[in-house]
Each structure stands twice: as C-alpha cells, then as structure tokens.
Amino acid sequence: MTFKIAASPHAHQRRTTQQVMRWVYLALIPGVLVQTYFFGFGVYVQLALALLTAWVAEGLAMRMRGRPVAHAWQDHTAIVTAVLLAISIPALAPWWIIVMGTAFAVIVVKHVYGGVGQNLFNPAMAGYVLLLISFPVQMTSWPIPNELAQLQVSLNDTVSLIFSGYTQAGYNLEQLRMGADGITMATPLDSLRNDLNHQLTLSEALTKPIFDDLAGIGWAWINIAFLLGGLVLIKQKIISWHIPGGMLVGLLVPAAIYWLFNPDQAITPMLHALSGATMLGAFFIATDPVTAATSNKGRWVFGLLVGFLVFVIRTWGGYPDAVAFAVLLANMTVPVIDKYTQPIAYGHGGRS
Amino acid sequence: MSVATKAIEAGHIWTFPGGIHPPERKEISNQTPIAPLALAQEYYLPVKQHSGAPGELLVQVGDYVKAGQVLTQVGANNGLPVHAPTSGTIAAIGPGIIAHPSGLADTVITIRADGNDEHVALEPLTDYTQLSRAELLDRIKNAGIAGLGGAGFPTAQKLALQRPLDYLIINGVECEPYISADDRLMREHAQTIIDGTEILLHIAGCEKALIAIEANKPEAIAAFEALLDKHPQLALRVVPVKYPSGGEKQLIQLLTGRQVPSRGLPIDIGLVMQNVGTAFAVAQAVLQGKPLIERVVTVTGENVEKPGNYWVRLGTPVAYLLAQCGFKPEPEQRVIMGGPMMGFTLADLSVPVVKITNCILVPSSQELAPAQDEMACIRCGACADVCPAQLLPQQLQWLAKAKDYDGLEQQNLFDCIECGACAYVCPSEIPLVHYYRKAKAEIRNIAREKAKAEVARERFEARQERLEREKQERLERHRKAAEARKKAQAEAVAQGGDNPQDAVQAAIARAKARKAAQAAAAQQKNKEGDDA
Ligand code: SF4
Ligand code: SF4
C-alpha cells in the first residue's frame with residue numbers, strides 16, 4: 001500500500017481568500033444600513049447593479065485571458081470591489097454610472113494588470129476617480145438626508161430615478177435635492193468647502209441645515225457605523241491596525257494643527273473624521289492588501305501618507321472629498337515604501 | 001556584567017517577530033506514560049542516520065549480533081556508528097528505502113531478531129569527571145549520539161568545537177503541534193536530563209545551562225522545578241506558547257535577545273543548543289555506557305486507536321510501529337514523519353524509525369484537511385506578518401517561480417528556516433515552503449556545478465601548462481643537440497682542413513639530420529595530438 005505524498009506544512013489555517021473577503025463585506029453591513037436609513041434604498045439598487053456588472057465583467061475578463069472563470073468568482077475579491085464602489089457613489093446616481101465604473105474597475109484596473117494580486121491601484125477607487133472626473137455632476141449629486149427632504153422617495157421611485165432619471169411623479173434628482181429654501185443641498189464637505197472659499201467663517205458655514213451637533217446629518221452616523229465594522233475586522237485579524245491607525249493620525253493631526261491656527265477657516269478634526277469617506281477609506285479601502293504596503297512598518301507609513309493626502313486635498317484641492325485620490329496616489333508610492341521599510345531578516349544585524 | 005547578560009541572568013524572555021498559534025493537539029498523545037513497544041521481527045538500520053559521512057561496515061550477512069553491538073566503524077573526526085537494536089542475525093545488507101523526504105535509497109542493514117533481546121555488557125562509569133574531555137567525547141561518539149531534535153548533527157562533533165561559551169541551552173520547547181515525546185521524557189526522566197546537562201556543561205567547559213520549556217507543559221515544568229534547587233548551574237526558562245519558539249534561532253532570540261548571524265552558528269555568539277532527548281541520551285551513554293538504540297516516538301493522530309509515546313528501537317519499521325498502535329488508514333491516508341508543520345509524508349511504511357524520528361502522525365482528513373488547489377497570491381502580506389525570520393515570503397515565492405536565483409539570495413532565501421508559518425496562514429493556500437525547498441535545491445545544484453566546472457578548468461589549465469613546459473624542454477634538448485653537432489663538425493673541419501668535398505658531405509648529412517629531426521618532431525606532434 002502506498003500513501004499520499006504532500007508537502008509540509010500539513011496544517012493549514014482554514015481561512016481562505018474567500019473567507020477574508022466575506023468578512024470584509026459583512027463588516028460593511030452596518031454602514032450600509034445606516035446609509036439606507038439616511039439616504040434611502042438607492043444604495044441597494046446600486047449594489048445590485050455593481051454586483052451583476054462585476055460578475056459579468058470578471059467572467060468576461062477571465063474568458064478573454066483564457067483562465068478558469070470559476071476560479072476568479074470563487075475568491076470574492078470582485079464582490080468587495082463592487083460593494084465598495086456601490087456604496088461610494090451617490091445613492092441615486094443613474095444606472096450607467098455604476099455599471100461603467102464597476103466594469104472599468106474589474107476589467108481594466110484589475111485584469112489588465114494581471115488579475116487578482118497584480119493590480120497596482122485599488123480597483124474600486126480607480127473606478128471612482130474615473131467616474132468623478134468624467135461625470136462630476138452625477139458623482140457629486142448626493143441625495144439629501146431623509147429628515148431634511150421635502151419629498152419622500154419610495155422604493156419604486158428610487159428604481160425609477162436610477163433607470164429613467166425621474167420619479168413616478170415626474171420629479172428629477174435636482175428637484176429632490178432641494179431644501180426647504182429651494183436651494184440644492186450639497187454634501188457637508190462640499191458645502192463647507194464652498195462656504196469657506198466664499199469667505200464665510202466656520203461657524204457661519206456650520207449653520208446650514210445639513211449639519212447637526214456632531215457633523216453632517218447622516219454622514220456622522222455612517223462614518224461611525226463603518227468605524228465599528230472596521231474594528232470588527234481588526235478584532236478578527238482580517239486587517240492590522242497599522243493602515244487605519246496611520247491614516248487617521250495622518251489626517252487628524254495635521255488637521256488639528258491647521259485648525260488651531262485657523263479656527264475660523266479650517267474644517268475641524270471632528271468634521272474630518274466623521275465626514276465623507278473617512279472611515280470607509282481608513283478601514284476598508286486603504287487596507288486593500290494588494291495595493292497597500294506589505295510590512296507593518298510600511299503599512300503605517302502608507303496609512304500616514306493616505307491620511308495626510310486626504311487632509312491636503314480636502315483643504316486645498318478642487319474636489320470635495322479626497323479619499324479616492326489619496327489612496328491612488330499612495331498606491332503609486334507603495335514600491336518605494338516597501339523598499340525602504342523592508343524588515344531586516346534574522347541574523348542580518350537587526351536588533352531583537 | 002553587561003546589561004544584556006544581567007537580563008539573561010534575571011530570566012528575561014525576549015520575543016521574536018511573527019509566529020503562529022496552530023491547534024496544539026498534544027492531549028491526544030501526552031496523557032499516558034511512555035510505553036515499551038513489543039519487539040519486531042525485522043529491523044532496518046540505515047548506516048547513515050545523522051548529517052555527515054557514514055561509517056564502514058563491521059558485520060557481514062549471517063553474523064549474529066547482540067543488542068548494543070556496534071555495526072559500523074567511523075573515522076576519527078566525523079560520522080557516527082550505528083548499533084544493533086536487538087539480538088539476532090544480519091539478514092541482508094544493501095540498498096533500502098530510508099526515511100528522508102526524497103524517498104531515496106541508502107545502505108541498510110537488516111537484522112532478523114531472535115526474540116531473546118540479549119544485550120552486550122555495558123561499561124558504566126562511576127565518576128565521569130575522572131575522564132578527560134577527549135575520552136568523554138569518544139564515549140558520546142561511540143554511543144552513536146546525534147542531535148535527537150532535528151537535523152541529527154553528531155553531538156560530540158558539536159561539543160568538540162572549543163570556543164568560549166556563555167550558555168548551554170537545553171531545548172525542551174517542543175513547539176510543533178501533536179508531538180509530546182520530549183514532554184513525556186521531561187516529566188518522567190527529569191533527573192537523567194539534568195545529569196546529561198551537567199555532563200554536557202562539563203565537556204563544553206561552560207558555567208551555565210538554560211533549560212527552556214514551553215508554557216503549555218506545566219507537568220514538565222513542575223518536574224524540573226522540583227529538582228533544580230540542587231543544581232545551581234541550571235536555570236529553567238519558561239517560554240510563551242507560539243510556533244516556532246522551539247526553532248534553534250528563535251529560542252536563542254527568546255532566551256538571550258541575540259541573533260545567530262546569517263550563515264553562522266550559535267557558537268559564534270557563545271551559545272550551544274542541545275535537545276532534551278540528546279541530554280538524556282548523553283547521560284545514558286556516559287554514565288551507563290548505553291549506546292543509542294532506542295528513542296521516544298510519539299504516535300498520534302485520529303487514525304490510530306492507541307496514540308501515545310513509545311520507547312521504539314531504532315530500525316523499527318514504521319508499518320510495525322503503527323500496527324502496534326491500531327492504525328486505521330483511510331483512503332488517501334497521509335503518514336507523516338515529524339509534526340504537521342515540518343514533517344514529511346512517507347509513501348512506503350517499510351521505512352524505519354531512525355535517530356531523528358520524533359513522531360509518526362496519521363491524521364484523519366477532518367483534523368488536517370488535505371491541501372486545496374493553489375490560488376493566485378493576493379499579496380495580502382499575511383505570510384510576511386508571521387515569518388519569524390522576517391523575510392518576505394510572497395516576494396520569495398515570486399522570485400522562486402521566476403527562477404531568479406540572484407534575487408532569492410538577495411532576499412535571503414537561505415535564512416528561511418522552513419518553519420511553514422507562512423504557508424500555514426496563506427489564504428490562497430500556496431505551498432510556499434515547497435517552492436523555497438525546490439529553489440534552494442536548485443541553487444545548491446548550480447553552486448555544485450559551478451564548483452565542478454571550476455575544478456575541471458583548473459585541471460585543464462594545469463595540463464596546458466604541463467604540455468607547454470614539456471614542449472620547451474624538448475626544444476631545449478634539440479637546441480643542445482644541434483649545438484653539439486655543430487661543434488663536432490667544426491672540430492672535424494679544424495682537424496681535416498677545409499675539404500670542399502667534406503663540406504658537401506657535411507651539408508648533405510646536415511640536411512638529412514634536419515629531415516630526420518623534422519620527421520621525429522612530426523611524429524612527436526602526432527603523438528601529442530593523440531594524447532590531447
Ligand atoms: S499569504 Fe499567500 S496570498 Fe497572502 S501575500 Fe503571502 S503568499 Fe500571497
Ligand atoms: S518557512 Fe521560511 S519564509 Fe515561511 S515563515 Fe518560515 S522562515 Fe519565513
């Protein structure tokens with residue numbers, strides 16, 4: 001009788017890529033629920049569209065590359081890309097936005113670079129930036145939080161809006177985004193940037209109805225929900241704390257210093273932390289292992305860099321939010337970071 | 001005393017980077033005392049069970065041997081003898097399968113046991129301190145003792161390196177899951193291990209030994225704590241549970257904060273490490289004169305009915321050992337020699353237990369699921385996080401697949417201890433260590449080829465030089481002969497006057513001589529051509 005030959009180690013931690021990815025999208029659920037609460041059902045339609053597109057795009061790309069299609073679907077990385085993109089774009093954006101972005105993310109950013117593990121850029125964020133540059137209006141038209149809205153949007157209206165641009169009653173997105181004063185409402189960060197640029201002081205800018213005591217209505221809670229999901233990931237050892245920690249420090253420390261010197265003109269650290277995609281970016285986007293630095297030291301540097309870039313772009317840049325740009329810029333520096341943060345191998349003069 | 005030494009003395013435990021916590025599963029085998037194993041009918045003794053040269057055979061087919069009788073003889077400096085594990089006759093000597101990952105064959109002595117288990121008379125010692133260091137080393141070597149923990153390096157050879165030593169480290173960590181051979185040995189034979197440690201200290205001329213045990217072995221720790229009061233040269237160090245804290249380099253880091261230099265030895269930083277099993281064997285060899293003919297082997301896994309630890313004679317076929325333990329193989333059964341992290345699978349169970357065999361593991365496919373298909377690396381960095389050698393396993397993997405050997409050396413492939421931590425965590429189930437082993441073997445092959453080519457080149461050059469020298473010598477000879485001829489002619493002319501006829505004669509003679517010389521030279525050349 002002969003016995004089976006296998007290479008050591010024979011023990012294996014049962015945590016496959018699929019399981020890792022599953023943890024990531026499960027940890028996003030609280031954030032998505034909160035987002036639904038404030039901004040309606042749009043996000044589900046976007047999720048459905050993104051997942052469908054990712055599934056088709058992944059299959060097409062694998063077929064074109066002559067690789068086993070099932071293999072790619074199995075690892076669930078495309079699902080994470082789709083989900084991240086779907087929750088990053090405005091909930092009521094027209095359907096072709098998300099379809100285009102997802103297809104670009106999967107086919108070009110991921111597969112043209114050689115598929116899973118080979119891509120230089122974070123696919124979801126590259127897709128986001130492509131959309132933002134190409135369709136700035138649609139990409140910045142966030143619906144207003146339900147509690148401020150003049151018109152309530154039903155699920156049917158949502159679907160109808162996304163696919164035709166009008167609710168069943170014939171309102172378009174612009175009309176829905178108007179506040180009680182008949183002025184279109186921007187997102188908190190957008191509004192702040194505009195107002196600060198127009199020589200309002202911070203306290204004046206914060207009197208807009210989209211702000212409550214914490215930060216922007218809805219946005220603060222969404223960020224807190226993503227923060228919670230992220231902490232779960234750290235607890236589960238799916239991600240290490242180095243990137244989110246680095247990113248928050250890199251963002252909040254310069255923001256605090258700048259704010260101390262310009263208390264009237266600067267966004268407060270609190271607003272930075274709880275607005276836009278800060279927490280989503282820190283825990284779910286910048287932590288994408290493929291496109292981040294590899295050693296813990298490198299991850300810390302990478303996180304700091306992302307955070308700092310977010311601060312710079314939010315403060316002086318031309319776009320309201322900055323996470324996507326910051327992540328992509330930091331992605332480009334990863335080879336350099338890796339080179340200079342490579343740990344010293346045992347026995348090569350490092351210290352214990 | 002420096003700060004660092006003070007910390008070592010105070011029992012400070014450092015840490016090492018990375019590491020993993022696989023399920024330990026030692027409870028399967030460590031519940032019962034080490035049991036004797038009934039004698040087998042046949043034993044297979046590979047003549048080489050250690051790293052180094054094999055010995056010369058001292059027996060022939062048909063000879064009768066007793067347990068403990070020496071079967072091979074070794075040179076002065078390296079190699080180790082093997083001994084008959086029981087009494088019986090030599091049934092065969094020839095190539096046989098040995099326990100090695102490659103499944104290679106080597107010379108194996110087959111002994112058919114007679115069942116009487118007669119032993120050769122032992123020569124105990126009452127006071128080993130009366131013996132010289134060389135005599136003690138001889139005693140250890142003649143007992144055939146090799147490191148029982150891993151690579152099987154001859155123990156006497158390790159001790160013979162006379163260099164200043166700060167500490168002798170006795171490794172009782174046994175961090176590999178499932179294995180409990182050292183654990184049971186420490187629980188049951190702590191005193192003998194301590195005796196062996198003191199002998200080792202004496203031989204090494206070292207003042208202090210550190211006995212390291214992993215925190216998950218409270219009984220073994222208690223056994224030593226109870227005895228160590230009376231042995232001030234020995235100190236106990238309990239190290240936290242983490243794989244691979246029992247690796248030589250990692251344990252050194254844990255206990256001393258020092259790092260063995262790359263491609264160096266522990267002795268370069270004033271340390272020597274021996275396994276607890278080796279210390280036990282040394283005590284038996286030196287005090288009682290017992291050669292190494294048996295060792296503790298853990299038999300474990302869900303597919304044996306009687307898991308536990310056994311005193312197993314060297315040469316016992318694995319098939320017999322497993323049969324004694326109620327082996328129930330399943331389809332696609334893996335039989336692992338060693339533990340789940342670093343052990344290797346056996347295709348053929350006729351291979352024998354040897355000096356370095358510490359465990360036979362027969363897992364069910366539930367407890368250790370077989371490897372899945374390898375997926376693409378997602379560059380998650382999990383492997384780098386757990387690498388105790390602080391390497392970048394994912395990088396190494398790419399370089400290995402690309403056969404970039406320079407890159408591999410730059411990324412310190414040879415500092416990889418093959419602990420398997422990286423492959424253990426890899427979510428894509430890439431058999432990383434497998435790739436490293438292959439790459440290492442290829443690099444070694446290339447180096448060997450290079451060395452061979454170098455030798456061949458040197459030989460060629462030496463031969464060219466020889467030929468050139470011979471040619472010069474020949475030319476010199478011809479020149480001298482020609483001169484002598486000229487001189488003789490001149491003399492003849494001087495004696496017989498200027499005779500034109502003579503001159504013509506002489507010219508003819510010269511031409512003839514030249515032709516002959518040319519012919520001879522041509523012949524010579526042809527001959528050289530044949531030689532070349
Ligand atoms: S753990 Fe596996 S998948 Fe992750 S980086 Fe290492 S080799 Fe690649
Ligand atoms: S096997 Fe080698 S590369 Fe992998 S973790 Fe161990 S030392 Fe590091």
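Small disclaimer: the values here were computed from a predicted structure and weren't measured. Residue numbering restarts at 1 for every chain, and letters A, B, ... go by the order of the sequence lines. Below, each value reflects all heavy atoms present in this structure, side chains not excepted, and no hydrogens, waters or symmetry copies.
For B:R437, the part sitting under 4.5 Å from any heavy atom of chain A is the side chain, from C-beta outward, and nothing else. B:A371 does not touch chain A: none of its heavy atoms, backbone or side chain, sits under 4.5 Å away. With a 4.5 angstrom heavy-atom cutoff, B:L392 touches chain A only via side-chain atoms. Contact of A:D338 with chain B is not made at all, since no heavy-atom distance falls under 4.5 Å.
In summary, the side chains of B:Q411 and A:Q342 do present a donor paired with an acceptor at a separation below 3.5 Å, with no hydrogens or angles considered.
Using modelled atom types, no side-chain atom of B:Q390 and backbone atom of A:A345 make a donor-acceptor pair closer than 3.5 Å.
At least one side-chain heavy atom of A:H10 sits under 4.5 Å from a side-chain heavy atom of B:T345. Residues B:V433 and A:P9 form a side-chain contact, since some pair of their non-hydrogen atoms from C-beta on lies under 4.5 Å apart. Side-chain contact between A:Y346 and B:L391: absent, with no pair of heavy atoms (C-beta onward) separated by less than 4.5 Å.
For A:K237, there are no salt bridge (charged side-chain N to carboxylate O under 4.0 Å, His left out) partners, not counting sequence neighbours.
Distance CZ/B:R263 to NE2/A:H348: 7.5 Å, rounded to 0.5 Å. The distance from the CD1 atom of A:I5 to the CG atom of B:L346 is 7.0 Å, given to the nearest 0.5 Å.
Residues of residues 299-309 of chain A having a heavy atom under 4.5 Å from any heavy atom of chain B, listed by number: A:R299.
Heavy atoms from other residues, nucleotides or ligands lying under 6.0 Å from CZ of A:R65 number more than 12.
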